[in-house]
A.B. asks: 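Handing you this structure, nothing more for now.
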Amino acid sequence: MAKPPKSISPFRLASLLRLQKDPNLALHLFLNPNPNANKPFRYSLLSYDLIITKLGRAKMLDEMDQILQQLKTETRFNPGEIIFCNIITFYGRARLPDRALHIFNQIPSFRCQRTIKSFNTLLNALLSCREFGKMREVFVGLNRFVAPDACSYNVLIRAGCLMNDLGSAREVFDEMQKRGVRPDAVTFGTLISGLCAGGKLDEAFKLKEDMERGFRVRLDGFVYASLIKGLCKVNELSLAFKLKDEMLERRVELDSAVFSTLISALFKAGRKGDVVGVLKEMKENKCKLDAITYNAMIYGYCQEKDFDAAFGVLSEMEKRRCKPDVVCYNVIIGGFCREGKFREATELFEDMPRRKCAPDVVTYRTLFSGLCDGKQFQEAALILDEMVFKDYSPSAASIVKFVDELCQAGNLKLLWTILNSLAKGNLIDSVTWGRVIPMVCENNKLLNASALIETLLILSRGLDLITNCSPSSENKRQCVDEKRPSSASSSWTESDFTPFDMKLLRGYGGFWTAAYTGWLRTAEARVLLSKEKEVPSMEDNLILSALPKGTTPRSSPSYKGHAMAINERLYVLPIPHADRVLQAVPSPGVGH
DNA sequence: TTAGGGTTAG
């Protein structure tokens with residue numbers, strides 16, 4: 001007879017969790033440490049820490065929340081502030097500012113004291129979400145309870161730099177000194193980097209002087225790397241190399257960041273031959289090449305259309321046990337696309353999972369816009385659909401470009417396909433609607449599309465994000481039934497909408513208005529079809545004309561669009577989908 | 001794992 005499995009101790013659970021790479025398995029293990037035991041498991045604080053960190057890193061934030069609720073009920077120990085700092089950071093990375101703020105406010109309920117540390121983490125998380133207004137609010141509010149330190153000000157300075165508002169970054173720099181907080185190396189590093197990025201090299205060098213002479217803060221690699229990049233950007237390569245030598249003289253540790261910048265600049269200046277010297281110097285300084293250094297070379301070779309050399313670097317990385325990262329593949333895929341090597345680009349993209357590298361939003365955007373530029377419409381449509389499925393969005397410009405190209409090519413069939421994909425991701429904005437509608441009307445030999453466009457304009461006009469409201473499905477159904485345009489008018493005006501509608505439209509802002517209109521029209525089309533009106537108005541025609549030819553709705557279409565034969569088409573999206581369109585949140589850009 | 005630099009697209 002098999003022996004019953006030995007029950008595991010809290011200590012053993014922690015070490016098992018540490019070893020488990022798969023976050024799902026780790027979660028399962030955490031939730032069922034001893035499946036056959038009948039008394040509750042006494043989790044250690046370390047186990048909580050490990051599972052929360054694992055789930056957070058894997059972006060399994062709902063599961064992480066579940067564990068947090070459990071942690072709240074544990075009274076045997078008091079969790080340290082660091083756990084909450086990590087959680088706040090995870091929310092920041094996931095662009096969930098409200099949840100970051102919420103957990104920050106909840107910290108005391110976990111029997112943990114908040115300090116400037118979690119406050120600064122919150123500020124930084126809000127910065128990751130580009131919630132500058134909220135940052136200010138939080139800073140002003142908490143200022144009354146706790147004195148900001150250099151780190152707090154450094155986050156604010158970085159916010160100024162990212163907003164391209166170097167003036168306000170400077171103001172923060174002055175303010176911190178007024179309040180007796182000494183700027184440190186990070187303060188100068190942040191400000192100098194911002195000045196270099198903004199092309200204010202003179203100011204940056206002046207600040208470097210002040211840092212050293214006036215403030216007696218030691219220069220470090222961060223400051224040098226920013227300045228060297230700034231010089232390279234304006235083609236001052238010899239000055240950049242001089243600065244690197246200054247680092248050697250002053251015994252500032254030379255790191256891969258400085259060398260990567262120089263290598264990248266040499267390639268861009270067409271001085272590939274000089275890269276060998278830099279690599280040699282790296283070796284002399286015992287500085288290892290990292291993925292970024294290799295990527296600088298790969299990019300250089302791709303710009304020169306030397307893909308063999310680029311793949312050579314890739315093999316070299318593997319040989320040196322430096323795992324190629326996603327940027328590495330993005331660079332090569334981009335290079336292939338620029339050269340019209342779409343098959344190669346797609347093959348490498350498809351090979352990424354085998355190479356144990358997940359494509360990111362940049363990979364998709366690069367491939368998508370490359371395929372569009374090369375008029376590889378079918379492939380582009382496939383990538384687009386996959387992108388939307390993954391909740392990534394192409395840039396608004398490339399969507400419009402793609403739609404324009406399809407309109408020009410008269411490829412209505414593919415146009416419907418991609419509009420369908422875009423609708424799934426709530427990615428059709430008023431510009432796209434504006435491009436598509438005339439196309440549809442022209443194709444159906446209708447008089448003109450001005451009525452619809454006018455409608456879109458009316459709805460988009462001056463609508464700001466004022467309120468947030470989440471309508472019930474009953475509300476929406478009422479909208480559909482009541483929202484018939486007045487018969488005298490051929491287009492919709494504000495008077496055709498109840499105050500509720502207008503509130504709804506305002507709540508979602510101008511950007512969403514077009515999607516909302518699309519949804520209303522969807523339902524509208526369905527109402528029209530179900531009523532089998534004898535003499536369709538021009539408005540009816542317009543909507544019906546948008547339906548692809550040859551699609552015959554069943555006799556009694558219901559609001560549950562899935563029963564309809566045409567529900568795959570854009571204008572007849574199923575209602576549950578429309579609900580999602582309405583409730584969707586704008587997808588963030590990179591890093592989403 | 002409270003904050004800053006270097007490689008990719010748009």
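Keep in mind it's a predicted model, so treat the numbers as computed, not measured. Below, all heavy atoms of this structure are taken into account, side chains as well, without hydrogens, waters or symmetry copies. Quick note on labels: first sequence line is chain A, next is B, and so on, each numbered from 1.
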A.B. asks: Considering only B:dG5, B:dA3, B:dA9, which nucleotide approaches the side chain of A:T366 most closely?
C.D. replies: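 Of the candidates, B:dA9 comes closest.
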
A.B. asks: Taking the side chain of A:R93 as heavy atoms from C-beta outward, which of B:dG10, B:dT1, B:dG6 is closest to it?
C.D. replies: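 Selected nucleotide: B:dT1.
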
A.B. asks: Classify the nucleic acid contact of A:R114 as base, sugar-phosphate or nothing, counting any heavy atom under 4.0 Å across all strands shown.
C.D. replies: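 If one applies the 4.0 Å heavy-atom cut-off, A:R114 turns out to touch nothing in the nucleic acid.
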
A.B. asks: To the nearest angstrom, how far is A:N154 atom CG from B:dT2 atom C1'?
C.D. replies: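 So the CG-C1' distance, A:N154 to B:dT2, works out to 11 Å.
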
A.B. asks: Starting from P on B:dT7, measure out to CE on A:M297 and report it in whole angstrom.
C.D. replies: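 Checked: the CE to P distance equals 14 Å.
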
A.B. asks: Nearest whole angstrom, please: distance from the P of B:dA3 to the CZ of A:F222.
C.D. replies: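 Result: 11 Å.
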
A.B. asks: Before accepting this row, confirm whether a basic side-chain N of the pair A:K206/A:D202 lies closer than 4.0 Å to the acidic partner's carboxylate O.
C.D. replies: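 No, no charged N to carboxylate O under 4.0 Å.
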
A.B. asks: Give me the residues of residues 180-199 of chain A where at least one heavy atom lies under 4.0 Å from an atom of DNA chain B, by number, or none.
C.D. replies: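 Correct list: A:D184, A:A185, A:V186, A:G189, A:T190, A:S193.
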
A.B. asks: To the nearest Å, how far apart are A:L237 CG and B:dG6 C1'?
C.D. replies: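 Taking atom C1' of B:dG6 as the reference, CG of A:L237 is at 14 Å.
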
A.B. asks: Taking the side chain as C-beta and beyond, is there a heavy-atom pair between A:I192 and A:L227 under 4.5 Å?
C.D. replies: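 SC-SC contact between A:I192 and A:L227 confirmed.
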
A.B. asks: Which residues pass the side-chain hydrogen bond (donor to acceptor under 3.5 Å, both in side chains) test with A:T363, not counting sequence neighbours?
C.D. replies: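 A:N330, A:D360.
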
A.B. asks: Indicate, with yes or no, if the rings of A:Y153 and A:F173 have centres closer together than 6.0 Å.
C.D. replies: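 Between A:F173 and A:Y153, which both carry aromatic rings, the centre distance is not below 6.0 Å.
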
A.B. asks: For the pair made of CG in A:D149 and P in B:dA3, what is the distance, rounded to whole Å?
C.D. replies: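 Checked: the CG to P distance equals 12 Å.
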
A.B. asks: Tell me every residue that passes side chain to side chain contact (heavy atoms under 4.5 Å, CB included) with A:T293, counting only those two or more places apart in sequence or in another chain.
C.D. replies: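 Partners of A:T293 under the side chain to side chain contact (heavy atoms under 4.5 Å, CB included) test: A:S256, A:S260, A:I263, A:M282, A:L289, A:D290.
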
A.B. asks: With distance as the sole criterion, do the side chain of A:D290 and the base of B:dG6 form a donor-acceptor contact below 3.5 Å?
C.D. replies: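 A donor-acceptor contact between them is present.
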
A.B. asks: Report which part of the nucleic acid A:K268 touches: base, sugar-phosphate, or nothing (heavy-atom distance under 4.0 Å, all strands).
C.D. replies: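 Sugar-phosphate only.
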
A.B. asks: A:S369 side chain N/O closer than 4.0 Å to the phosphate oxygens (OP1, OP2) of B:dG10?
C.D. replies: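 Indeed, a polar side-chain atom of A:S369 lies that close.
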
A.B. asks: Using whole Å, report how far CD1 of A:I298 lies from P of B:dT8.
C.D. replies: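 Rounded to whole Å, this separation is 12 Å.
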
A.B. asks: For A:V234, check side chain to side chain contact (heavy atoms under 4.5 Å, CB included) against everything at least two apart and list the hits.
C.D. replies: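 Listed in chain order: A:L201, A:E236.
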
A.B. asks: For A:K244 and B:dG6, is the shortest distance between a side-chain N/O and OP1 or OP2 below 4.0 Å?
C.D. replies: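 Negative; the distance criterion is not met.
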
A.B. asks: By ring-ring contact (aromatic ring centres under 6.0 Å, His included), which residues pair with A:F267, not counting sequence neighbours?
C.D. replies: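 A:F267 satisfies ring-ring contact (aromatic ring centres under 6.0 Å, His included) with A:Y301 only.
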
A.B. asks: Roughly how many Å apart are B:dT1 and B:dG5, using the P atom of each and rounding to a whole number?
C.D. replies: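 Taking atom P in both B:dG5 and B:dT1, they lie 14 Å apart.
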
A.B. asks: Can you find a side chain N or O atom of A:K229 that sits less than 4.0 Å from OP1 or OP2 on B:dT7?
C.D. replies: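 The answer is yes; a side-chain N or O of A:K229 sits under 4.0 Å from OP1 or OP2.
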
A.B. asks: The side chain of A:A397 is closest to which nucleotide in this list: B:dG6, B:dG10, B:dG4?
C.D. replies: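 Closest nucleotide to the A:A397 side chain: B:dG10.
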
A.B. asks: Atom CG of A:L371 and atom C1' of B:dA9: how far apart are they, to the nearest Å?
C.D. replies: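 Between C1' of B:dA9 and CG of A:L371: 14 Å.
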
A.B. asks: Can you pull out every salt bridge (charged side-chain N to carboxylate O under 4.0 Å, His left out) where at least one residue sits in residues 151-170 of chain A? Sequence neighbours excluded, please.
C.D. replies: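 For residues 151-170 of chain A, and leaving out neighbouring residues, the salt bridge (charged side-chain N to carboxylate O under 4.0 Å, His left out) pairs sorted by first residue read A:R170-A:E203.
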
A.B. asks: Mind checking ring-ring contact (aromatic ring centres under 6.0 Å, His included) for A:F110 and listing every partner two or more places apart, or none if nothing turns up?
C.D. replies: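 Residues passing ring-ring contact (aromatic ring centres under 6.0 Å, His included) with A:F110: A:F84.
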
A.B. asks: Any donor-acceptor pair, under 3.5 Å, between the side chain of A:D255 and the base of B:dG6, if you only look at N and O atoms?
C.D. replies: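 By the distance-only test, no, there is no pair.
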
A.B. asks: OP1 or OP2 of B:dG4 less than 4.0 angstrom from a side-chain nitrogen or oxygen of A:R158, does that happen here?
C.D. replies: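 Looking at the OP1 and OP2 atoms of B:dG4, one of them is under 4.0 Å from a side-chain N or O of A:R158.
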
A.B. asks: Please identify each residue that fulfils ring-ring contact (aromatic ring centres under 6.0 Å, His included) with A:Y294, with sequence neighbours left out.
C.D. replies: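 So A:Y294 forms no ring-ring contact (aromatic ring centres under 6.0 Å, His included) with any residue.
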
A.B. asks: Any N or O donor-acceptor pair under 3.5 Å from the base of B:dG5 to the side chain of A:S226?
C.D. replies: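 Donor-acceptor pair under 3.5 Å: no.
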
A.B. asks: When you measure from the side-chain N and O atoms of A:Y299 to the phosphate of B:dA9, is any distance below 4.0 Å, counting only OP1 and OP2?
C.D. replies: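 Checking B:dA9 against A:Y299, a side-chain N or O does come within under 4.0 Å of OP1 or OP2.
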
A.B. asks: Of the residues in residues 118-139 of chain A, which ones touch DNA chain B at a heavy-atom distance under 4.0 Å?
C.D. replies: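 The stretch gives A:N120, A:T121, A:N124 as the residues lying under 4.0 Å from the strand, ordered by number.
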
A.B. asks: Which value, rounded to the nearest 0.5 Å, describes the distance between A:F307 atom CZ and A:I298 atom CD1?
C.D. replies: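 That separation rounds to 12.0 Å.
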
A.B. asks: To the nearest angstrom, how far is A:R338 atom CZ from B:dT8 atom C1'?
C.D. replies: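 To the nearest whole Å, that distance equals 9 Å.
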
A.B. asks: Just grab all the side-chain hydrogen bond (donor to acceptor under 3.5 Å, both in side chains) pairs involving residues 220-231 of chain A, residues at least two apart or on different chains.
C.D. replies: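 Residue pairs with at least one partner in residues 220-231 of chain A: A:Y224-A:E246.
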
A.B. asks: Quick one: ring-ring contact (aromatic ring centres under 6.0 Å, His included) partners of A:F342, sequence neighbours excluded?
C.D. replies: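 Result, ring-ring contact (aromatic ring centres under 6.0 Å, His included) vs A:F342: none returned.
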
A.B. asks: Among residues 316-330 of chain A, which ones have heavy-atom contacts with DNA chain B below 4.0 Å?
C.D. replies: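 Contacts with DNA chain B under 4.0 Å: A:V327, A:N330.
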
A.B. asks: Using a cut-off of 4.0 Å on non-hydrogen atoms, how would the nucleic acid contact of A:G334 be classed: base, sugar-phosphate, or nothing?
C.D. replies: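 If one applies the 4.0 Å heavy-atom cut-off, A:G334 turns out to touch nothing in the nucleic acid.
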
